Amino acid sequence: MAVVTHALGRHVALVGFMGAGKTTLAGKLGDALARPVVNVDEEIEARLETTIPELFAARGEAAFRAVEAGMLGELLERRHPLVVDTGGGAAAFPDNRALFEQEAFTLLVDVDVETAWTRCRTTDRPLAQDESAFRALYARREDAYRSVAAATVGSDDLDGAVLAAAGIHYELGALDRLGELVPGDGPVALVADSTVMGIHGPRAQEALGDRLASTHELPAGEAAKQLAVVERLWGELRL
């Protein structure tokens, strides 16, 4: 199933390794999108009246993952769009990834392993008690996170998260990848105002290559926001 490309009318699910800063970003993103924020681990603790470390100790990781999957399913079935703050292992399991793909716009909150270990090593997280095991777990999960994510941001990049949720591809170097990022394989038209076209037009045209059917330059700034300009552009487009 194809990864969804925006969060319009869909839940936003934040995934990523422990210590990535998902909870910090989730709160800010919830405010920015005017959506409730739900932390999966907190929901589990409230439901079972225990803590995650206690649940791990008493019943083991397999039992915790079963509870986590059930809670994810409940949350992602809700009709009103949420910001869902998931645990570090949620996206590591195929059944959960299928849920994300079907029900949510999934955002990877990225973190390097050194930062993650620094943040987690003094906590009571069950899977952050041994450094070598922690680093090995990070390596095993990295591909799973990226396979399910529609976009990747850092925990301090609220603007990037909002843009991504709106369906705007947000990535350093994306301009040079336009040819592969624009959906389909048919011809495309490039539209930009004169300032942007002058700065980025050549790179965009090169990236689009043979797919570029036409280029259309609009007036810079507020002058572009006129019905006559739109009418002229509409008349020029031949796609």
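Computed from a predicted model, the values in this text were never measured in an experiment. Scope of the values below: all heavy atoms of this structure, side chains included, with no hydrogens, waters or symmetry mates.
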Sidechain-backbone polar pair: [X] side chain, [Y] backbone, donor-acceptor under 3.5 Å:
X      : Y      : answer
Glu103 : Glu77  : no
His216 : Leu233 : no
Tyr145 : Gly88  : yes
Glu49  : Glu45  : no
Arg238 : Gly235 : yes
Arg211 : Gly179 : yes
Asn96  : Ala90  : yes

State whether [X] and [Y] are salt-bridged, where the test is any N-O pair (Lys NZ or Arg NE/NH1/NH2 against Asp/Glu carboxylate O) under 4.0 Å.
X      : Y      : answer
Glu54  : Arg59  : no
Arg203 : Glu206 : no
Glu142 : Arg146 : yes
Glu236 : Arg232 : yes

Cluster question for you: counting only ILVMFWY and a side-chain heavy-atom cut-off of under 4.5 Å, with indirect links fine, are Leu208 and Leu181 together?
no

Looking at side-chain heavy atoms only, is the closest gap between [X] and [Y] below 4.5 Å?
X      : Y      : answer
Met197 : Thr215 : yes
His80  : Pro36  : yes
Arg35  : Leu82  : no
Leu127 : Phe56  : yes
Val111 : Arg119 : yes
Leu239 : Pro187 : yes
His169 : Arg177 : yes
Leu8   : Phe105 : no

Partner of Leu75 under side-chain contact (heavy atoms from CB on, under 4.5 Å), chosen from Leu99, Thr86, Val38:
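Looking at Leu99, Thr86, Val38, the match for Leu75 under the side-chain contact (heavy atoms from CB on, under 4.5 Å) is Val38.
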
Carefully, step by step, assess Arg97 and Glu101 under the rule salt bridge (charged side-chain N to carboxylate O under 4.0 Å, His left out).
CA-CA 6 Å; Arg97 291 200 296 276; Glu101 290 171 352; 5.8 Å; no

Check the pair Phe100, Leu72 against side-chain contact (heavy atoms from CB on, under 4.5 Å), reporting the backbone distance first and the verdict last.
CA-CA 9 Å; Phe100 291 134; Leu72 273 173; 4.1 Å; yes

Under the ring pair (Phe, Tyr, Trp, His ring centres under 6.0 Å) test, which residues partner Phe17, sequence neighbours left out?
Phe134, Tyr138

